[in-house]
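For ligands, and for the atoms within them, numbers begin at 1 and follow the listed sequence. All heavy atoms count here, side chains included; hydrogens, waters and symmetry mates do not. Quantities reported herein were computed from a predicted structural model and do not represent experimental measurements. Index from 1, following the sequence.
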Amino acid sequence: MNVVYIMTDDHSYQTISAYGGILAKLAPTPNLDRLAEKGMLFERAFVENSLSAPSRACLMTGLYSHQNGQRQLFGQIDTTKTFFSEILQQHGYQTAVVGKWHLQCEPKGFDYYEVLYGQGEYYNPEFKNKETNGKYVRRDGYATRLVTDYAIDFLEHRKSDTPFCLLVHHKAPHRNWMPEPKYLDLYEDVEFPYPDTFDDDYATRCRPAYEQEMQIDKDMTAVYDLKLNKLKDTAPYSKEWNVKGMQESIDRMKPEERLLWEKAYDRRLADFKSLQLTGNELKKWKYQAYMKDYLRCIKSIDDEVGRLVEYLKEHNLMENTVIVYTSDQGFYMGEHGWFDKRFMYEESLRTPLIIYYPGMKKGKKCSKLVQNIDYAPTILDIAGIDKPDYMSGESLIPLLKGNTPKNWRRDIYYHYYDYPAQHKVRRHDGVRDERYKLVHFYDAKNKTYDCNELYDLLKDPRELNNVYNESSYKEIQKRLQDRLDCYRNELKVDEH
Ligand code: SGN
Ligand code: CA
């Protein structure tokens with residue numbers, strides 16, 4: 001059995017039409033939906049630490065962040081840990097990774113790689129491979145297409161007598177959401193609906209929800225995020241923190257790409273200038289601009305997933321290839337007034353997960369609790385390899401085959417460490433079961449931030465009503481606190 005594991009960067013389940021929701025009809029994803037029709041759609045797939053490098057470290061090792069060393073965006077994965085790719089190689093698999101790698105080590109356990117520099121660029125990005133001697137080389141094209149090209153290139157040149165595992169890690173739709181030239185006008189006349197919690201006032205919440213810096217109205221920048229590039233020399237916009245970054249992204253475009261880009265965003269600039277909006281109307285305008293660019297990036301992702309699956313079909317690989325589609329974490333599409341991720345609230349804790357397994361019953365949905373530490377054991381299981389004892393995750397194969405093990409986990413553990421850092425989301429850990437969620441915000445150095453939140457997701461799926469210390473939840477709170485303490489003890493968590 002082969003594996004094609006596709007992972008995008010920051011793709012929210014809210015923007016995959018197979019998951020339904022308020023955007024499904026306006027911005028459909030037909031190729032991802034077709035994959036879900038053939039396979040299994042996981043409705044409760046979570047990450048352990050909602051950030052790129054930590055999530056990738058969970059994938060490679062099957063371990064929680066404090067076990068694999070990659071707790072924050074920067075910092076170093078513990079390279080003495082075995083990557084599942086190394087185990088596959090030892091068992092005769094051909095292994096490959098293309099696209100965003102984002103770990104501070106060489107891709108370990110791969111026969112072939114073609115990886116982006118850092119977070120990667122959307123236009124004409126730099127990649128390195130085994131032949132470039134550690135140097136990154138600029139390539140012509142748009143990231144989402146190039147990553148798919150390299151995936152297909154690996155498939156074309158692989159040995160046909162041994163199985164393969166191919167990781168396809170897209171850069172899109174990561175900030176700052178730069179669409180492909182052909183989609184710069186897509187959705188131009190659509191007004192996207194607003195999520196119910198768009199104007200959340202964070203009442204009942206601990207301080208971190210008030211103090212983050214990921215608000216569409218306050219933290220989205222005009223030049224870098226909204227692409228009103230021609231404001232870059234005008235006060236107050238010239239003081240925005242990433243004016244230079246945007247200019248560099250534009251400077252790397254080819255003349256014809258730049259022309260199309262400027263045409264599209266000149267139109268947006270004219271609109272912005274003529275409307276002179278303020279307050280809530282301006283916040284809504286920013287949301288529309290954000291959604292258009294993000295969903296344009298998704299359109300390219302959907303096309304390119306379609307192209308890769310088509311290749312597998314044409315080459316008779318659908319009978320012996322498992323296809324996974326997921327993201328490194330979820331993302332806020334205006335819920336709570338936010339973009340970005342990091343918090344343990346649903347939109348960033350949850351990640352899309354679709355798995356096609358040859359011969360399985362079509363179009364099934366799974367509501368069991370699964371987590372990104374499960375991918376390494378799952379892929380090893382597909383290859384017929386037993387899970388090594390040290391791995392914390394569990395294989396999802398029994399769920400795919402419709403036989404849920406009796407002792408399947410009833411809750412998951414989450415831990416976010418990246419503070420102080422961009423977006424100012426405080427450190428927190430917590431536990432979530434099928435109905436309730438307990439979150440504990442803390443300060444690693446002093447105790448000024450100790451604060452808890454408890455949500456009843458059945459009664460309050462949007463997490464607006466923190467019921468921590470409410471008398472009617474006393475028993476539940478105790479049960480969740482016990483579970484959280486149990487995770488911390490068993491997993492030897494060293495800060496919380
Ligand atoms: C960049 C982004 C942030 C984002 C982090 C982490 N800023 O620093 O908005 O939260 O990546 O994202 S940017 O101006 O450089 O775009 S992650 O997906 O890699 O974890
Ligand atoms: Ca990410």
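- When ring centroids are compared, Trp338 and Tyr202 come within the 6.0 Å threshold.
- A cation-pi arrangement is present between Lys171 and Tyr122, with the terminal nitrogen or guanidinium carbon under 6.0 Å from the aromatic centre and inside a 45° cone about the axis.
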Take Tyr414 and His428 through the ring-ring contact (aromatic ring centres under 6.0 Å, His included) test and state the conclusion after the steps. CA-CA 8 Å; Tyr414 180 85; His428 55 291; 5.6 Å; yes
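- Of the listed residues (Tyr123, Trp261, Tyr265), just one forms a side-chain contact (heavy atoms from CB on, under 4.5 Å) with Ile250, and that residue is Trp261.
- The aromatic ring centres of Phe339 and Tyr332 sit 6.0 Å or more apart.
- Arg462 CZ: 12 or fewer foreign heavy atoms inside a 6.0 Å radius.
- Scanning all heavy atoms of the two residues, the minimum distance from Arg427 to Tyr419 falls at NH2-O, 2.8 Å.
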Derivation and outcome, salt bridge (charged side-chain N to carboxylate O under 4.0 Å, His left out), residues Arg71 and Asp418: CA-CA 7 Å; Arg71 299 174 193 232; Asp418 204 30; over 6 Å; no
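- At a 4.0 Å heavy-atom cut-off, the residues surrounding ligand 1 are Asp9, Asp10, Leu51, Ser52, Leu73, Lys100, His102, Gln119, His174, Arg175, Tyr224, Trp241, Asn242, Asp328, Gln329, Asp340, Lys341, Arg342, Gln422, His423, listed by chain and number.
- Considering every non-hydrogen atom in both Tyr19 and Glu43, the closest pair reads CE2-CA, 4.3 Å.
- Taking a cut-off of 3.0 Å, the protein N, O or S atoms nearer than that to the Ca ion (ligand 2) are Asp9 OD1, Asp10 OD1, Asp328 OD1, Asp328 OD2, Gln329 OE1.
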